[in-house]
Every structure is written in structure tokens, then in C-alpha cells.
Amino acid sequence: MVVGNTLLYTYAKCGLLAMAQQVFEELPFHNVVSWNTLIAGYAQQEFYDEVIRCFESMKLKGVAPDTSTHVWALKACSSMGVFDVGEKVLAEAEERGLMERDLVVSSTFLVDLHAKSGSLAKAQQVFDKAPVRDVVMWNALATGYVNQGQGERALSCFYQMKLEGVSPNALTFICILKSCGGMGAASKGQELHMEIDRCGLLQSGHVGTTLMDMYVECGLLGKAQQVFNKLQCKD
RNA sequence: ACCUCGCUGGUC
């Protein structure tokens with residue numbers, strides 16, 4: 001069983017899904033892990049309809065999905081924009097008591113889901129109910145506000161999270177910089193720039209390009225050029 | 001025991 005799952009994992013990880021599928025079919029038994037591995041493989045290649053298909057068929061086979069499975073399935077639903085299916089998957093997760101067991105992960109997921117479907121009030125509601133809020137959850141909420149053009153609210157998230165003692169990470173800066181760009185808030189953007197330097201995050205992820213973009217949108221091309229010169233990898 | 005899963009920019 002374990003050997004089979006490991007082989008399955010190896011193929012899925014490399015994106016060799018046809019091989020993974022074949023190994024899967026040859027396994028005498030399928031447990032949650034086998035299914036999750038296959039599903040993760042499909043999800044990473046963005047074959048979301050396959051994810052949903054697997055999710056349904058594992059249940060038919062009598063294997064109970066766990067939190068990972070639900071998160072993958074929910075992600076697939078939100079990426080494809082089938083929120084009605086998502087609601088059902090969610091209801092099942094609740095029935096199984098998974099939401100309570102992995103509260104932070106599932107709440108963040110919900111915040112994100114609601115934010116992406118445009119209901120920020122719902123996102124905010126889930127957020128407010130969560131007993132623990134980590135940086136990822138703050139990011140999910142702030143990103144939601146930015147994408148709806150509510151840059152001011154995103155900024156207040158940023159200040160609020162710091163008040164609560166949560167340190168921003170690279171993703172936080174990307175999100176907040178984007179809101180500054182959208183609002184043309186050059187001075188705020190420069191404050192962020194200093195903070196990024198202080199945290200040594202300029203080279204991390206897409207922080208540098210987002211920072212440049214912010215300066216460009218604010219009309220500060222010289223500043224953008226300076227950032228560009230400091231970037232180690234330019235693409 | 002094996003899967004560890006939630007937030008990620010620019011490119012018109």
C-alpha cells in the first residue's frame with residue numbers, strides 16, 4: 001500500500017498523470033492517501049474537473065475524504081467558478097466536523113472563496129468569527145479588498161494586522177503595494193518600500209516587480225528604475 | 001506509516 005502510494009506520488013509530482021492514473025488503477029486498495037495523492041496531482045496541473053470527478057468517485061467507493069481532500073475539491077470549485085458545487089462540498093466538510101478540526105486552514109479558504117466571488121461582507125464575517133488569525137488569513141482578506149478596488153480597507157487591514165502582532169510577509173506586501181498603485185498613493189508606497197528593505201524582502205517572490213509596478217502607476221519612473229537596478233533576477 | 005493541503009505580482 002505504502003509503496004504503491006509512494007510510486008503514485010512520484011508520478012503525480014512530476015506531472016505524469018497518465019502514469020499516476022495507471023498506477024492508481026493497479027493498486028489493490030485505495031485509501032484516503034491514494035486518492036489525495038491523485039487529486040493533488042490533478043489539482044497542480046489545473047485539471048479541476050478531474051479533481052471533482054475523483055472527489056465524487058472516492059465517495060462512491062466508500063472512502064471518506066479528509067480535510068486535504070475537501071480543500072482540493074473546494075479550490076477546484078472556486079477556480080472553475082462553480083460556487084454551487086462548492087457550497088455542497090463545504091456542507092459535507094461541515095457534516096464531517098472537518099471545519100472545526102482544521103479551523104485556520106478552512107476559514108482562510110472560506111475568506112478567500114467569498115472574497116473571490118465578490119461577497120466581501122461574507123469574507124469579513126468568516127474572518128471575524130475565526131479565533132486565530134494568522135498572516136495568511138489577513139492576506140486573503142486584504143487581497144479581497146484590493147481586488148474589489150477597496151484599497152483603503154486593504155491598507156487598514158495591513159495596519160490592523162501589525163497592531164495585533166502579526167508580521168507581514170512577502171505576499172502581504174504584494175497585496176498592499178498593489179492597492180497603493182491603484183490609489184496612486186505614492187507616499188504610502190514609499191513607506192512600504194522602506195519596510196520591505198528593512199525586512200529584506202525585496203528579492204523575495206514577486207515583491208520587486210510589484211514595487212516597480214506601484215512606482216510606475218504613481219508616475220515615479222525614476223524610483224521604478226532604482227528598484228529595477230537593485231533586483232537580482234530581471235525577467 | 002505513505003499524500004500536507006489555505007493567501008502570490010507584472011505581461012492588454
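Below, chains carry the letters A, B, ... as their sequence lines are ordered, and counting in each starts from 1.
- The distance from atom CZ of Phe55(A) to atom P of C3(B) is 21 Å, rounded to the nearest whole Å.
- Not a single donor-acceptor pair under 3.5 Å links the side chain of His114(A) to the backbone N or O of Ala121(A).
- Atom CZ in Phe173(A) sits about 17 Å away from atom P in U8(B), given to the nearest Å.
- When the nucleotides U8(B), U4(B), C3(B) are ranked by their closest atom to the side chain of Lys13(A), U4(B) comes out on top.
- Asn31(A) comes within 4.0 angstrom of a nucleotide base, judged by non-hydrogen atoms across all strands.
- Looking at heavy atoms from C-beta onward, Val227(A) lies in side-chain contact with His193(A) at the 4.5 angstrom threshold.
- Note on Glu92(A) versus Arg96(A): salt bridge recorded, some NZ/NE/NH1/NH2 to OD/OE distance being below 4.0 Å.
- Put simply, OH on Tyr145(A) is 16 Å from P on U8(B), counting in whole angstrom units.
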So which protein nitrogen or oxygen atoms get under 3.5 Å of nucleotides 9-12 of chain B's nitrogens or oxygens?
unit_1 : atom_1 : unit_2    : atom_2 : d
G9(B)  : O2'    : Thr210(A) : OG1    : 3.2
G9(B)  : N7     : His206(A) : ND1    : 3.2
G9(B)  : O6     : His206(A) : NE2    : 3.1
G9(B)  : N2     : Thr209(A) : OG1    : 2.9
G9(B)  : N3     : Thr209(A) : OG1    : 3.3

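- Residue Ala40(A) places its side chain closer to C3(B) than to any other of C7(B), C3(B), U4(B).
- Of the listed nucleotides (G6(B), U8(B), C3(B)), G6(B) has the atom at the smallest distance from the side chain of Thr108(A).
- Aromatic ring centres of Phe24(A) and Trp35(A) lie closer together than 6.0 Å.
- The side chain of Val71(A) sits closest to G6(B) out of G6(B), C2(B), U8(B).
- Rounding to whole angstrom units, CZ of residue Phe109(A) and C1' of G6(B) are separated by 8 Å.
- With respect to the salt-bridge test (charged N to carboxylate O, under 4.0 angstrom), the residues Arg53(A) and Asp49(A) do not qualify.
- Put simply, CZ on Phe29(A) is 21 Å from P on C3(B), counting in whole angstrom units.
- Rounded to an integer number of Å, the gap from CD1 of Ile176(A) to C1' of U8(B) is 13 Å.
- Rounded to whole Å, atom P of U4(B) lies 13 Å from atom NZ of Lys75(A).
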side-chain contact (heavy atoms from CB on, under 4.5 Å) between Lys230(A) and Asp197(A), intermediate numbers included: CA-CA 11 Å; Lys230(A) 274 201 266 177; Asp197(A) 278 342; 3.8 Å; yes
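- If you check every strand for non-hydrogen atoms under 4.0 Å, Val135(A) touches nothing.
- By the 30° and 60° cut-offs, the orientation of the rings of Phe55(A) relative to His70(A) is perpendicular.
- A donor-acceptor contact under 3.5 Å is not formed by the side chain of Asn139(A) with the base of G6(B).
- Rounded to whole angstrom, the span from the CD1 atom of Ile39(A) across to the P atom of G6(B) amounts to 14 Å.
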